[in-house]
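Below, each value reflects all heavy atoms present in this structure, side chains not excepted, and no hydrogens, waters or symmetry copies.
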Amino acid sequence: MKIKSFWKFWAALALAALLGIALAGCGGESSKTNGNGGKSAETDALEAIKQRGKLIVGVKYDLNLFGLKNPETGEVEGFDIDIAKGLAKKILGDENKIELKEVTSKTRIPMLNNGDIDAIIATMTITEERKKEVDFSDVYFMAGQSLLVKKDSKINSVKDLKKGMTVLTAKGSTSAQNIRKAAPDVNVLEFENYAEAFTALRSGQGDALTTDNALLMGMAKQDPNYRVLDETFTEEPYGIAVRKGNTELLQVINEYLKEIRENGEYDRIYEKWIGKKPQE
C-alpha cells in the first residue's frame, strides 16, 4: 500500500507540472492577443478610437498660426487644429468628435506613450532619434529653423550670433539642439514653451529667439516690433506621431494626408493660416 501511494503521489505531481506548463503557454498567447482576434493593444488603436467615438489629439496651445488658445472664445485655433479636425472627420465622420489636449515639446511624447492621447499634431519635427520612441506619418508641413529679432537688430544671419549673445528657445525642442550646433559660442536659455520664450525676448532677456520659421511668423504677427530672418539653417519636416506599432491608425492618417493634398483642402488650410500657397 505504501509503495502504491508513493507512485500515486509522484504521478499527481507530474500531472500538475504538465498542466502548469500548458496553462502558462495559454496565458502567454492570451497576453499577446488581448482577446481581439490576434490584434495587440498597440495595433488596435484605431478600433479603440471608433469605439470611444472620439479622437484625442495632443496640440500646442501657445503657438500663433498652428495651435493657439483664443482668450476671447476659449477655442484652440490654427493650422494643426484644422488638420486634427479633418482627421477626426476622416475616422469618425464628424470633425467635432475630437478632444484637444495641450502638450509642450517636453510633454508630448510621454503623454502619447502613456496613452493620454491618440496622436500628436504639434509642430513636431521628424528625427531619427524620435523615430525610436514613436511612429511618424508622412510629412504634413515643411519648415526651417530661423531667428526672431528686433526690427532694428543687426542680426541678419545665424552667422551674426557672437559669443556673449543669448538665444531663447523651448525645452525638449530640436531648435535647442540645432542652435547649439549652428552657434556654439552663444548662451542658450530654454523655457517651458515658446510663449514664455517670446515674453522673455520682449523683456530683454535675449538677443534672438529661435524655432521654426513658420512659428516665428506667428510671433512677429503678434508684435510688429519683431521680424523673422529670411534665412533658414535647417529643414524641419513636421509629422503626425502615434505610438509604436499603431500601424492601422498610421495608415489612415497617411491616407487622409494624401486625400487633402489631392482635393485642395490642404492648400486651403495652408493659405488660411500661413497667408500664401504652399511651395511645390
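Note on Ile274: it clusters hydrophobically with Ile260, by side-chain heavy-atom contacts below 4.5 Å among ILVMFWY residues. Cluster membership check: Leu249 does not share its hydrophobic cluster with Ile126, using side-chain heavy-atom separations under 4.5 Å among Ile, Leu, Val, Met, Phe, Trp and Tyr. When hydrophobic clusters are built by joining Ile, Leu, Val, Met, Phe, Trp and Tyr residues whose side-chain heavy atoms come closer than 4.5 Å, directly or via intermediates, Leu46 is grouped together with Ile83. Both Leu100 and Leu65 belong to a common hydrophobic cluster when Ile, Leu, Val, Met, Phe, Trp and Tyr are linked at side-chain heavy-atom distances under 4.5 angstrom. Cluster membership for Ile98 and Val103, using ILVMFWY side-chain heavy atoms within less than 4.5 angstrom, is not shared.
A salt bridge links Lys171 to Glu192: one of the charged nitrogens lies within less than 4.0 Å of a carboxylate oxygen. A salt bridge is defined here as a Lys NZ or Arg NE, NH1 or NH2 lying under 4.0 Å from an Asp or Glu carboxylate O, and Glu128 with Lys131 meets this definition.
Using a distance-only test at 3.5 Å, with no hydrogens or angles considered, a donor-acceptor pair links the side chain of Asp80 to the main chain of Thr123. Counting only distance, with no hydrogens or angles, the side chain of Asn193 and the backbone of Ala195 share a donor-acceptor pair below 3.5 Å. Put simply, the side chain of Arg108 never gets that close to the backbone of Ile120: no donor and acceptor are under 3.5 Å apart. With hydrogens and angles ignored, the 3.5 Å screen pairs a side-chain donor or acceptor of Asp118 with a backbone N or O of Ile56. No donor-acceptor pair closer than 3.5 Å links the side chain of Ser105 to the backbone N or O of Gly172.
The minimum heavy-atom distance between Glu133 and Asn113, with the atom names listed, is O-ND2, 3.6 Å. Taking each heavy atom of Val134 and Ala241 in turn, the nearest pair found is CG2-CB, 3.9 Å. Here the closest non-hydrogen pair linking Asn187 and Gly164 is ND2-O, 3.9 Å. Taking every heavy atom of both residues into account, Pro278 and Asp267 meet most closely at CG-OD1, 3.3 Å. Closest non-hydrogen pair, Gly58 versus Ala122, comes out as O-CB, 3.9 Å. When all heavy atoms are compared, the tightest approach of Glu77 to Ile81 is C-CG1, 3.6 Å.
Atom NZ of Lys272 sits about 4.0 Å away from atom CG of Asp82, to the nearest 0.5 Å. Separating the OG1 atom in Thr210 from the CG atom in Leu148 is a distance of 9.5 Å, to the nearest 0.5 Å. To the nearest 0.5 Å, atoms CG (Asn213) and OG1 (Thr234) are separated by 8.0 Å. With rounding to the nearest 0.5 angstrom, the CG atom of Leu55 is 10.0 Å from the CD1 atom of Ile117. The distance from atom CD1 of Ile49 to atom NZ of Lys54, rounded to the nearest 0.5 Å, is 11.5 Å. With rounding to the nearest 0.5 Å, the separation of CG in Asn64 from CG in Asp223 is 11.5 Å.
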With side-chain contact (heavy atoms from CB on, under 4.5 Å) as the test, would you mind laying out the steps for Met219 and Leu216 before giving the verdict? CA-CA 5 Å; Met219 297 176 199; Leu216 296 177; 4.1 Å; yes

Could you walk me through whether Arg180 and Glu190 pass salt bridge (Lys or Arg N to Asp or Glu O under 4.0 Å), step by step? CA-CA 12 Å; Arg180 286 188 171 99; Glu190 298 180 49; 2.9 Å; yes

Determine whether Met124 and Ile109 satisfy the following criterion, side-chain contact (heavy atoms from CB on, under 4.5 Å), listing intermediate values before the conclusion. CA-CA 10 Å; Met124 189 170 178; Ile109 290 180; 3.4 Å; yes

Candidate pair Ser157 and Asp160, rule side-chain contact (heavy atoms from CB on, under 4.5 Å), full reasoning: CA-CA 5 Å; Ser157 166; Asp160 294 331; 3.9 Å; yes

Please lay out, stage by stage, how Val57 and Leu87 fare under the test side-chain contact (heavy atoms from CB on, under 4.5 Å). CA-CA 10 Å; Val57 181; Leu87 181 59; 5.5 Å; no

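Annotation: side chain of Tyr256 is not in contact with side chain of Lys89 (no heavy-atom distance under 4.5 Å). Arg227 is listed as a side-chain neighbour of Asn156, based on a closest heavy-atom distance under 4.5 Å.
Asp135 pairs in a salt bridge (charged side-chain N to carboxylate O under 4.0 Å, His left out) with only one of the listed residues (Lys244, Arg243, Arg130), which is Lys244.
Within 6.0 Å of the CG atom in Asn70, the count of heavy atoms belonging to other residues, nucleotides or ligands exceeds 12. More than 12 heavy atoms of other residues, nucleotides or ligands shown are found within 6.0 angstrom of CD on Gln205. Around the NZ atom of Lys101, the shell of radius 6.0 Å holds more than 12 heavy atoms that belong to other residues, nucleotides or ligands. More than 12 non-hydrogen atoms from other residues, nucleotides or ligands lie less than 6.0 angstrom from NZ of Lys90.
For residues 90-127, the set of pairs meeting the ring pair (Phe, Tyr, Trp, His ring centres under 6.0 Å) definition, not counting sequence neighbours, is empty. Counting only residues at least two apart or in different chains, ring pair (Phe, Tyr, Trp, His ring centres under 6.0 Å) contacts with residues 89-141 comprise Phe66-Phe141, Phe79-Phe141, Phe141-Tyr238, Phe141-Tyr270.
Side chain to side chain, Thr127 and Glu129 fail the donor-acceptor criterion of an N or O pair below 3.5 Å. When only modelled atom types and interatomic distance are considered, Asn263 and Arg268 share no side-chain donor-acceptor pair under 3.5 Å.
Members clustered with Leu147: Val149, Ile155, Val158, Leu161, Met165, Val167, Ile179, Val186, Val188, Leu229, Phe233, by chain and number, using a 4.5 Å side-chain heavy-atom cutoff among hydrophobic residues.
For the ring-ring contact (aromatic ring centres under 6.0 Å, His included) test, residues two or more places apart in sequence or in another chain that qualify with Tyr226 are Phe198. Partners of Lys159 according to the side-chain hydrogen bond (donor to acceptor under 3.5 Å, both in side chains) rule, which considers only residues two or more places apart in sequence or in another chain, do not exist here. Judged as a side chain to side chain contact (heavy atoms under 4.5 Å, CB included), and not counting sequence neighbours, the contacts of Ser137 are Ile240, Leu250, Ile253, Asn254, Leu257.
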